[in-house]
Enquirer: 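Below is one structure. I have some questions about it.
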Amino acid sequence: MKITFLGGVEEVTGSKYLIEHKVGQEDIKILVDCGLFQGPHEVAKRNWYELPIDPSEIDAIVITHAHIDHTGYIPAFVKKGFRGKIYCSHATLALCRLLLVDSGNLQEGAVKSKYAQSNQQEPLYTVADAQYSLRFFEPVDYDTQITIGGSLHVTLIRSDHILGSNFVVISDGNRTLTFSGDLGRPEDLIMKSPPHLKNTDYLVLESTYGDRLHKKTDPIHELGELIQETVARQGVVIIPVFAVGRAQTVLYCLYQLKEKGIISDIPIFLDSPMAIEVTELFCQFQDEHKLPVSLCNKIFDIAEYTRTVDESKAIDHVQPPMIIIAGSGMGDGGRAPHHFKRFISDAKNRIIFAGYQAMGTPGRALVEGAGKIKIDENWYPVRAQVNIIDSFSAHADFHEILAWLSYFESKPKKVFITHGELASAQSLKEKVQDKFGWDVVVPKYLESFDLD
Ligand SMILES: [Zn+2]
């Protein structure tokens, strides 16, 4: 087997790993993850670079989880000629039906809004391209081996980063190669603890938090205090969230706070059509998380779901106090920015970000204390209080990554550190070398390794 790193190295987006296996006349090629490069223009433009591989020659794609930085390039890959099968878990397919179509919408929108500054006239892919790509998906059960070509065996093992996430284990009969995908956390509020693996010859390991630790604070307690203060002065709380995972975790926290009597009976709106659909999937895929059926429905019933634009606009006329949960998680899309326009300039109100805010996003500017913010060409003074609760993250920090690695009973031949900024990947490399004495490498873009 041979592995080539086509993305998700020295950065956190664009995950794409090519596995080639030659045996006799057979030459099998599979891609693990097919993610979009996301972020500032410098990063996103890489989605347009010539691919170093011909998609029509790839036999199959195997997906670790539905996040767009792991799946968002699939419609473009199909558009360029890929015709193989796309293997993933059942919940990942259900999520991709929502996320890829939404991504097609964003790609179409990006061309319209940026047309003036770029010569890009065609979207990377359209909604129709995204819908077409879904035909190639083939969901498989966890822990059930499938064979690609005649000799590459692939198994998906549930990994608990998000709904539908899995480790990918590939074997050619002699060696095994395991992908961690994004590694979840042992004590997540709603997701189960990632299972421990015992053996692999080669490991591809993520490093988003390779040089950082999450705060050990209780997010429910933190959230409760911030809401109480705001409600006491009749303010509005806006919580920007991502649709997959974070929105459901925030609803769970609010449910707990209501049960404990910490927050009173004030209106709570889930103002994100995508988050509403993902929330419904949570109750369908019971085995994927810790919430029992009875509780699942109760938790998600605490919010009023607003689907249409008119319903969303009507929220701004509701008598405060109230809580608005809206996309996106970094305030750079979705409906949250529209509520900012109405509420951000009043000191009674509060915005609570639930997790990491990337450089260049409105969320980052706000948590760093920006005095004004530009939304749709207009500036708004920031008088509302702004907070961030870091402990909501769905990624293991370096203590949690090292603890997960400690369950391996034999030493992998090599560990490849991916999915992290360079400093983070390097830092994790040193930590793994120091603690376990393993052979660890931080691969470069397009670098290949023989796995013998
Ligand atoms: Zn992820």
Side-chain angles (χ1 to χ4, degrees), residues 7-17 31-39 43 61-74 86 88-89 91-100 102-103 106 156-168 178-186 188-195 204-210 212 214 241-250 274-275 278 281-282 285 288-289 327-330 333 354-358 361 363 390-398 400-401 404 417-421 424-425 428:
V9 281
E10 301 184 357
E11 63 184 315
V12 292
T13 68
S15 284
K16 282 180 213 80
Y17 310 111
L31 205 57
V32 173
D33 285 344
C34 190
L36 205 63
F37 290 106
Q38 291 177 293
V43 177
I61 299 172
V62 184
I63 301 174
T64 62
H65 67 292
H67 277 152
I68 285 297
D69 59 322
H70 296 257
T71 61
Y73 194 77
I74 288 173
I86 303 170
C88 65
S89 71
T92 293
L93 172 55
L95 286 171
C96 282
R97 287 189 200 283
L98 305 173
L99 296 179
L100 292 184
D102 181 64
S103 179
L106 293 176
L156 310 185
I157 300 172
R158 204 195 72 229
S159 71
D160 305 298
H161 161 60
I162 60 164
L163 205 66
S165 67
N166 49 257
F167 303 129
V168 172
T178 301
F179 290 82
S180 71
D182 290 359
L183 193 60
R185 304 187 62 193
D188 192 87
L189 291 169
I190 58 174
M191 298 307 291
K192 295 177 185 171
S193 178
V204 178
L205 178 66
E206 77 121 324
S207 61
T208 314
Y209 281 82
R212 280 173 292 163
H214 298 305
V241 291
F242 291 109
V244 184
R246 202 61 47 84
Q248 295 75 32
T249 305
V250 167
M274 171 85 75
V278 174
L281 288 179
F282 254 77
F285 288 95
E288 298 267 346
H289 52 75
S328 73
M330 300 190 193
Y356 180 72
Q357 302 297 308
T361 60
D390 164 78
S391 44
F392 276 123
S393 175
H395 286 271
D397 64 20
F398 75 76
E400 293 163 340
I401 296 172
W404 182 74
I417 307 254
T418 61
H419 201 288
E421 304 290 341
S424 183
L428 186 63

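One-based numbering, in listed order, for ligands and for the atoms of each. Predicted model, so just to flag it, every value in this text is computed and none were measured. Numbers here are sequence positions counted from 1.
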Enquirer: Would Thr178 and Val168 satisfy side-chain contact (heavy atoms from CB on, under 4.5 Å), going step by step from the backbone distance to the final call?
Expert: CA-CA 6 Å; Thr178 301; Val168 172; over 6 Å; no

Enquirer: Holding to ring pair (Phe, Tyr, Trp, His ring centres under 6.0 Å), I want the full list of residues that pass it with Phe179, two or more places apart in sequence or in another chain.
Expert: Tyr17

Enquirer: Work out which heavy atom in Pro195 is nearest to a heavy atom in Ser159; give both atom names and the distance.
Expert: CD-CA, 4.1 Å

Enquirer: Which label fits Phe167 and Trp404: parallel for a plane angle under 30°, tilted from 30 to 60°, or perpendicular past 60°?
Expert: tilted

Enquirer: Any side-chain heavy-atom pair from Ser424 and Tyr209 closer than 4.5 angstrom?
Expert: no

Enquirer: Determine, stepwise, if the pair His289 / Asp188 fulfils side-chain hydrogen bond (donor to acceptor under 3.5 Å, both in side chains).
Expert: CA-CA 10 Å; His289 52 75; Asp188 192 87; over 6 Å; no

Enquirer: How about the Zn ion (ligand 1), which protein N, O or S atoms come within less than 2.8 Å?
Expert: His65 NE2, His67 ND1, His161 NE2, Asp182 OD2

